[in-house]
J.: 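Here it is: the structure, laid out below.
In what follows, every chain begins at residue 1, and chains take the letters A, B, ... in the order their sequences are listed.
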Amino acid sequence: MADKVTPRSKDYSQWYLDIVHQAGLAENSDVRGCMVIKPHGYAIWERMQRALDRLFKATGHVNAYFPLFIPKSFLAKEEEMAEGFAKECAVVTHYRLKAEKGRGLIVDPEARLEEELIVRPTSETIIWNTYRNWIQSYRDLPLLINQWANVVRWEMRTRLFLRTAEFLWQEGHTAHATQKEAEDEAHAILMDAYRKFAEEWMAMPVLTGPKSEGQKFPGAVYTLCIEAMMQDRKALQAGTSHFLGQNFSRAFDVKFQNQEGKLEYAWATSWGVSTRLIGGLIMTHSDDQGLVLPPRLAPLHVVIVPIFRKPEERQATCAAAARLAERLRGLPADPWFDYEPIQVKIDDRDQYQPGFKFNEWEVKGVPIRVELGPKDLEKDACVVARRDLPGKEAKLVGIPLAEAPARIAGLLKQIQADLLERAKKFRDAHSYEVNSYDEFKRKIEEPGGFLWAHWDGTRETEERIAAETKATIRCIPFDRPKETGKCIATGRPSAGRVVFAKAY
RNA sequence: CGGGGCGUAGCUCAGCUUGGCUAGAGCGCAUGGUUUGGGACCAUGAAGUCGCAGGUUCGAAUCCUGUCGCCCCGACCA
């Protein structure tokens with residue numbers, strides 16, 4: 001039987017496509033660049049949404065919804081943003097079709113919109129246009145709003161989850177009375193929501209810090225990011241939090257009266273993570289057997305495969321499986337699982353053999369599989385297999401049924417911790433301090449990874465290095481060691497090392 | 001958007017060079033039976049406007065033109 005997943009060593013991008021397909025996460029649609037997110041993929045997104053939404057709400061944010069369409073003139077108001085997004089906007093020009101004999105439906109030339117609408121690539125403009133009416137006094141601030149939405153960026157080259165023309169995300173848009181408060185917000189979202197979510201839910205270690213001037217969001221004063229390393233040693237920007245200064249309040253004339261009665265422009269932040277995280281999740285943990293999911297984001301935690309030949313065996317093993325499932329679901333509510341019951345499925349289909357089922361649930365990434373057959377029942381025991389340690393060797397045999405629920409709950413936590421630890425070790429093993437441009441050029445090609453190097457701080461040098469090596473500055477880490485030096489490319493003074501990598 | 005490759009059954013592909021019977025295979029799917037502790041087997045069956053639109057021809061999956069889509073490499077980007 002041929003393997004259904006191309007090994008990473010043979011063809012990494014084919015491996016990624018195989019995982020997405022075989023695990024049933026998404027597929028390309030008939031609309032160019034747009035994907036269909038399938039139930040299993042969407043279930044992962046729902047888990048992500050829930051965890052993030054709780055983090056946002058816990059810090060006083062509320063959800064709202066703004067329109068999909070943005071008048072073209074709004075986008076034009078903030079110059080940097082207009083420039084940054086102009087090249088990838090979908091534009092609505094008409095509001096009606098008509099049926100014409102022989103030609104089917106055509107765009108009605110008489111139904112041209114007076115002002116063209118663009119499909120939001122991001123919502124700062126329409127939101128700040130709305131905030132003008134919502135903000136009059138310092139008492140209206142801070143305004144802490146998030147929206148869950150889809151956005152469209154007309155990309156030339158797309159990859160499922162990582163870059164699609166339409167994607168799902170959340171975008172937070174906050175307004176504050178002072179610069180400091182806005183900067184604290186951008187920082188807190190990055191560290192207490194995004195970094196925490198990446199590490200504690202996704203088990204994906206991230207670097208945190210500002211982007212270089214050349215990599216920041218159009219319209220931002222500065223952009224903070226979480227940056228992760230994928231298994232091909234390329235970097236993935238996994239989330240961004242922007243301090244927008246007064247750029248949008250000036251563009252949309254959002255002023256408030258401060259305590260002294262003077263008018264001031266409001267201070268802004270915006271921040272977002274998208275379905276791209278699912279791509280990051282895949283490329284952080286999965287293996288040549290298929291998807292590997294961290295338990296806290298897995299839609300299904302445990303699959304129980306009863307093993308039987310004769311009808312009596314089927315009856316007995318399925319009954320034992322049902323009892324075990326009930327006990328797992330009945331474990332006391334645990335904040336670690338968001339106070340939700342452990343999700344358990346019994347795979348009692350009889351048209352498939354156990355071996356087939358094992359492989360199928362492995363490719364789908366279910367963290368724990370329990371095997372329950374006649375031989376186990378004789379000993380009141382079961383076999384427990386961890387998805388993150390595949391193969392027969394790693395199976396735990398003879399786990400007494402009485403202890404199984406507690407053992408399994410403990411194992412789920414252990415798996416989550418081990419995945420993060422493994423990913424950290426991988427990243428650290430592929431992070432290097434480099435001190436010469438020659439070494440930089442060599443290492444970026446082979447083996448690749450995060451290169452911590454000195455940089456003179458100029459955009460020209462970053463662009464030159466990118467042109468010559470394809471590596472860009474991913475992050476200027478908050479926690480970089482205090483160490484001055486000389487720029488690897490120009491020899492000019494550097495205030496500290498920054499992280500270069502090839503990126504998605 | 002530039003360079004390269006590819007579009008034939010749900011999936012992977014053969015057939016195309018050199019136009020000609022009713023367009024094939026494997027996997028998957030349906031039905032029946034035998035199986036079942038790491039991707040079972042046998043039998044029967046359903047399933048394709050050959051990406052789409054023109055053209056050449058007595059005749060086109062096959063030749064020509066255009067077009068759309070997908071994959072890989074660049075430029076751009078979360």
J.: Could you work out, with side chain to side chain contact (heavy atoms under 4.5 Å, CB included) as the rule, every residue matching A203(A), not counting sequence neighbours?
T.: H285(A), P294(A), Q416(A), L419(A), L420(A)
J.: With P as the reference atom in both, quote the distance from A14(B) to U8(B) in angstrom, rounded to an integer.
T.: 10 Å
J.: Using whole Å, report how far CG of D350(A) lies from C1' of A40(B).
T.: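 To the nearest whole Å, that distance equals 15 Å.
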J.: When the P atoms of G33(B) and G69(B) are compared, how many Å lie between them, rounded to an integer?
T.: 49 Å
J.: Under 3.5 Å, is there a donor-acceptor pair linking the side chains of K211(A) and Q237(A)?
T.: yes
J.: Could you work out, with side-chain hydrogen bond (donor to acceptor under 3.5 Å, both in side chains) as the rule, every residue matching K443(A), not counting sequence neighbours?
T.: E439(A)
J.: Tell me whether the NZ or CZ atom of K357(A) lies within the 45° cone about the ring axis of Y352(A) and under 6.0 Å from its centre.
T.: no
J.: In whole Å, I'd like the distance from the CD atom of Q351(A) to the P atom of A30(B).
T.: 8 Å
J.: Between the side-chain atoms of R309(A) and the base atoms of G37(B), is any donor-acceptor pair under 3.5 Å?
T.: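 Donor-acceptor pair under 3.5 Å: no.
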J.: State, to 0.1 Å, how close L55(A) and D192(A) come at their nearest heavy-atom pair, and which atoms those are.
T.: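 The answer is CD2-O, 4.1 Å.
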J.: Name each donor-acceptor pair under 3.5 Å that joins a side chain in residues 152-162 of chain A to protein atoms two or more places apart or in another chain, with its distance.
T.:
| residue | atom | partner | partner atom | Å |
| --- | --- | --- | --- | --- |
| R153(A) | NE | P121(A) | O | 2.8 |
| R153(A) | NH2 | P121(A) | O | 2.8 |

J.: State which residues pass side chain to side chain contact (heavy atoms under 4.5 Å, CB included) with A76(A); sequence neighbours excluded, sorted by chain then number.
T.: none
J.: Please state the C1' separation for the pair A40(B) and U36(B) - nearest whole angstrom.
T.: 8 Å
J.: Passes ring pair (Phe, Tyr, Trp, His ring centres under 6.0 Å), H187(A) versus F478(A)? Steps please.
T.: CA-CA 11 Å; H187(A) 195 274; F478(A) 286 133; 4.9 Å; yes
J.: Using a 4.0 Å heavy-atom cut-off across all strands, classify T275(A) as base, sugar-phosphate, or nothing.
T.: nothing
J.: Can you tell me the distance, in whole Å, between the NZ atom of K38(A) and the P atom of C11(B)?
T.: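 Computing the K38(A):NZ to C11(B):P distance gives 11 Å.
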J.: Taking the inter-plane angle between the rings of F56(A) and W271(A) on a 0 to 90° scale, is it parallel (under 30°), tilted (30 to 60°) or perpendicular (over 60°)?
T.: tilted
J.: By the 4.0 Å heavy-atom rule, please label G280(A) as base, sugar-phosphate, or nothing.
T.: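 Contact class for G280(A): none.
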J.: With C1' as the reference atom in both, quote the distance from U57(B) to G10(B) in angstrom, rounded to an integer.
T.: 35 Å
J.: Decide if the gap between the ring center of F500(A) and the ring center of F450(A) is smaller than 6.0 angstrom.
T.: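 Judged by ring-centre distance (under 6.0 Å), F500(A) and F450(A) do not meet the cut-off.
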J.: According to the salt bridge (Lys or Arg N to Asp or Glu O under 4.0 Å) rule, which pairs have a member within residues 296-307 of chain A, sequence neighbours left out?
T.: none
J.: What does L236(A) touch in the nucleic acid at a heavy-atom separation under 4.0 angstrom: a base, only the sugar-phosphate, or nothing?
T.: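 Answer is nothing: L236(A) stays at 4.0 Å or more from every strand.
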J.: I'd like to know if E445(A) pairs up with K441(A) as an ion pair, taking the criterion as any Lys NZ or Arg NE/NH1/NH2 lying under 4.0 Å from an Asp or Glu carboxylate oxygen.
T.: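 No, this pair does not count.
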J.: Quote, to the nearest angstrom, the P distance that separates G15(B) from G24(B).
T.: 16 Å
J.: In whole Å, measure the gap between the P atoms of G51(B) and C13(B) for me.
T.: 14 Å
J.: Could you check how far CD of Q22(A) sits from P of G28(B), rounded to whole Å?
T.: 12 Å
J.: Could you list all N or O pairs between the protein and nucleotides 71-76 of chain B that sit under 3.5 Å apart?
T.:
| residue | atom | partner | partner atom | Å |
| --- | --- | --- | --- | --- |
| C73(B) | OP2 | R157(A) | NH2 | 2.4 |
| A75(B) | OP1 | K470(A) | NZ | 3.2 |

J.: Can you pull out the residues from residues 387-405 of chain A that lie within a 4.0 Å heavy-atom distance of RNA chain B?
T.: K392(A), K395(A)
J.: Rounded to whole Å, how long is the line connecting atom OH of Y352(A) with atom C1' of C41(B)?
T.: 16 Å
J.: In terms of the nearest nucleotide of RNA chain B, which residue is placed more toward the 5' end: A503(A) or L377(A)?
T.: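 Upstream on the strand: L377(A).
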J.: Distance only, no hydrogens: is a donor on one side chain within 3.5 Å (strictly under) of an acceptor on the other, for E213(A) and Y222(A)?
T.: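 Absent: no donor and acceptor within the cut-off.
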J.: Heavy atoms within less than 4.0 Å of RNA chain B: which residues of residues 441-451 of chain A have one? Give them sorted by number.
T.: none
J.: A61(B) and C52(B): how far apart are their P atoms, nearest whole angstrom?
T.: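 Between the two P atoms, the distance is 11 Å.
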J.: In terms of side-chain geometry, is the basic nitrogen of K395(A) or E371(A) positioned less than 4.0 Å from the acidic oxygen of its partner?
T.: yes
J.: Between P on U36(B) and CD on E312(A), what's the gap in Å once rounded to a whole number?
T.: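 So the two atoms are 14 Å apart, to the nearest Å.
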J.: May I have the distance from K310(A) (atom NZ) to U34(B) (atom P), rounded to whole angstrom?
T.: 16 Å
J.: Looking only at atom P, what distance separates C68(B) and C27(B), rounded to whole Å?
T.: 38 Å
J.: Mind listing the residues from residues 353-367 of chain A sitting with a heavy atom below 4.0 Å of RNA chain B? Number order is fine.
T.: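 Of all residues in residues 353-367 of chain A, the ones placing a heavy atom under 4.0 Å from RNA chain B are Q353(A), P354(A), G355(A), F356(A), F358(A), N359(A), E360(A), E362(A).
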J.: So what's the dot-bracket for RNA chain B: Watson-Crick or G-U pairs under 3.5 Å, [ ] if a pair crosses, | if it pairs off-strand?
T.: (((((((..((((......[...)))).((((((.....)))))).....(((((..]....))))))))))))....
J.: Checking A321(A) now: which residues fulfil side chain to side chain contact (heavy atoms under 4.5 Å, CB included) with it, not counting sequence neighbours?
T.: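 Only I304(A), I346(A), L372(A) meet the side chain to side chain contact (heavy atoms under 4.5 Å, CB included) criterion with A321(A).
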J.: Quick one: which residue pairs count as a ring-ring contact (aromatic ring centres under 6.0 Å, His included) with a foot in residues 377-401 of chain A, not counting sequence neighbours?
T.: none
J.: Touch check for F167(A), heavy atoms < 4.0 angstrom, all strands: base, sugar-phosphate only, or nothing?
T.: base
J.: Have a look at V383(A) and say if it touches a base, only the backbone sugar-phosphate, or nothing, with a 4.0 Å heavy-atom cut-off.
T.: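 Contact class for V383(A): base.
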J.: From CD of E371(A) over to C1' of G39(B), roughly how many Å is that when rounded to an integer?
T.: 14 Å
J.: Ring of W361(A), cation from R369(A) - is the NZ or CZ under 6.0 Å from the centre and inside 45° of the axis?
T.: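 The answer is no, since R369(A) fails at least one limit relative to W361(A).
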J.: Hydrogens and angles aside, do E124(A) and T122(A) bring a side-chain donor and acceptor to less than 3.5 Å of each other?
T.: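 Result is yes, a qualifying pair exists.
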